Amino acid sequence: LEYLEAAFYTEAEKMGALSGELALFAAVVGAHERAHVKALKQVLGRKAVAKPKFNFRGTTESADDFAATAQVLEDTGVAAYAGQAPRVKADAVLKAALAIHSVEARHAGWIRDINGADPATEAFDEPLTMKQVLAAVAGTRFIVPRRRRRMTSGAAPRFAG
């Protein structure tokens, strides 16, 4: 999810479709998400998952689509961290996750404010299970398979380097 958020904000910044507070939000939150990825990769080491390939299907090319998608991603991020915290066994990972969780909650509140949505609809948030988070991410269809090069029959392999 952190890879997805970091890539989403990075692409939105590059597309140039945002202005005003929405552009500021994308720049600030994008920097945060990239820092989250770096911190999690560092604390997880070899256990960190590989970065997927993304296709944001035009959501970074429209301010309205970007804002709606950002709200869903940030709300999902908050619920994902809350849901996974009890499963974390390593103190260093838990410390990093808790530090990120509170910032994700601020991101969610900020984008909800920009969108005119209530920043906190309930006194308690429902955490999401890993299965729910993975289903939500899959439902975006933003993660796409990496294309593999096929060798034609009889062709000599190409080497790089």
Side-chain angles (χ1 to χ4, degrees), residues 1-19 21-41 43-44 47-89 93-94 96-148:
L1 188 58
E2 289 294 345
Y3 282 130
L4 188 150
E5 290 176 325
F8 175 74
Y9 292 113
T10 299
E11 183 174 296
E13 290 175 79
K14 289 179 182 176
M15 295 303 294
L18 309 177
S19 61
E21 188 174 12
L22 206 52
L24 176 63
F25 173 83
V28 170
V29 175
H32 290 174
E33 301 299 357
R34 291 184 292 274
H36 294 170
V37 167
K38 184 177 178 182
L40 288 171
K41 284 176 67 175
V43 76
L44 291 170
K47 293 182 180 179
V49 299
K51 180 181 177 182
K53 183 177 177 186
F54 300 103
N55 177 343
F56 294 109
R57 305 183 182 284
T59 58
T60 58
E61 300 171 28
S62 154
D64 290 342
D65 290 344
F66 167 83
T69 303
Q71 183 173 323
V72 170
L73 292 178
E74 294 302 332
D75 285 349
T76 302
V78 173
Y81 276 98
Q84 294 311 297
R87 299 183 66 214
V88 178
K89 304 296 183 225
V93 176
L94 183 59
L98 289 174
I100 293 170
H101 177 260
S102 59
V103 175
E104 293 291 343
R106 290 185 189 102
H107 295 167
W110 188 7
I111 191 63
R112 286 176 151 277
D113 181 62
I114 291 170
N115 289 343
D118 188 348
T121 58
E122 304 292 331
F124 299 94
D125 282 334
E126 278 296 317
L128 294 177
T129 66
M130 184 186 302
K131 184 177 180 180
Q132 289 170 313
V133 172
L134 293 174
V137 170
T140 66
R141 297 178 31 237
F142 291 160
I143 297 177
V144 295
R146 295 195 175 274
R147 289 192 174 165
R148 292 185 175 192

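Nothing fancy with the numbering, it's 1 onward along the sequence. Computed from a prediction, not measured in an experiment: that's the story for all the values here.
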Look up atom [atom1] in [X] and atom [atom2] in [Y], then write down how far apart they are to the nearest 0.5 Å.
{"X": "Gln71", "Y": "Asp113", "atom1": "CD", "atom2": "CG", "result": "10.5 Å"}
{"X": "Ile111", "Y": "Glu21", "atom1": "CD1", "atom2": "CD", "result": "8.0 Å"}
{"X": "Ile143", "Y": "Leu134", "atom1": "CD1", "atom2": "CG", "result": "8.5 Å"}
{"X": "Thr69", "Y": "Phe8", "atom1": "OG1", "atom2": "CZ", "result": "5.0 Å"}
{"X": "Thr60", "Y": "Glu13", "atom1": "OG1", "atom2": "CD", "result": "11.0 Å"}

So [Y] and [X], do their side chains get closer than 4.5 Å, heavy atoms only?
{"X": "Glu2", "Y": "Glu104", "answer": "yes"}
{"X": "Val103", "Y": "His36", "answer": "yes"}
{"X": "Phe66", "Y": "Phe56", "answer": "no"}
{"X": "Phe54", "Y": "Leu4", "answer": "yes"}
{"X": "Val93", "Y": "Leu40", "answer": "no"}
{"X": "Glu11", "Y": "Met15", "answer": "yes"}
{"X": "Glu61", "Y": "Asp65", "answer": "no"}
{"X": "Val78", "Y": "His101", "answer": "yes"}

Just to verify, what does [X] make a side-chain hydrogen bond (donor to acceptor under 3.5 Å, both in side chains) with, not counting sequence neighbours?
{"X": "Arg112", "answer": "Asp75"}
{"X": "Thr140", "answer": "none"}
{"X": "Arg141", "answer": "none"}
{"X": "Asp64", "answer": "none"}

Distance-only polar pair, side chains of Trp110 and Glu74, donor-acceptor under 3.5 Å: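 On atom types as modelled, these side chains do not qualify, holding no pair under 3.5 Å.
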Glu33 and His107 side chains, donor-acceptor separation under 3.5 Å: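 Glu33 and His107 do have a side-chain donor-acceptor pair below 3.5 Å.
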Please give me the minimum heavy-atom distance between [X] and [Y], naming the atom from each residue.
{"X": "Ala136", "Y": "Thr76", "value": "CB-CG2, 4.4 Å"}
{"X": "Ala12", "Y": "Leu18", "value": "CB-CD1, 4.0 Å"}
{"X": "Ala97", "Y": "Tyr81", "value": "O-CD2, 3.6 Å"}
{"X": "Lys41", "Y": "Tyr3", "value": "CD-OH, 3.5 Å"}
{"X": "Ala63", "Y": "Ala17", "value": "CB-O, 4.1 Å"}
{"X": "Leu1", "Y": "Gly77", "value": "CD2-CA, 3.4 Å"}

Residue pairs, two or more places apart or on separate chains, that pass side chain to side chain donor-acceptor pair (under 3.5 Å) and touch residues 127-139: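 Found Thr129-Gln132.
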For Pro127, side-chain contact (heavy atoms from CB on, under 4.5 Å) partners two or more places apart: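 If we apply the side-chain contact (heavy atoms from CB on, under 4.5 Å) test to Pro127, skipping adjacent residues, the hits are Ala82.
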Test item: Ser62 side-chain N/O and Thr59 main-chain N/O as donor-acceptor pair under 3.5 Å: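 Here the side-chain-to-backbone pair does not exist.
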Residues Met130, Arg87; criterion side chain to side chain contact (heavy atoms under 4.5 Å, CB included); working and verdict: CA-CA 10 Å; Met130 184 186 302; Arg87 299 183 66 214; 2.5 Å; yes
Tyr9 and Phe25 aromatic ring geometry - parallel, tilted or perpendicular at 30°/60° bounds: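 Phe25 and Tyr9: perpendicular rings.
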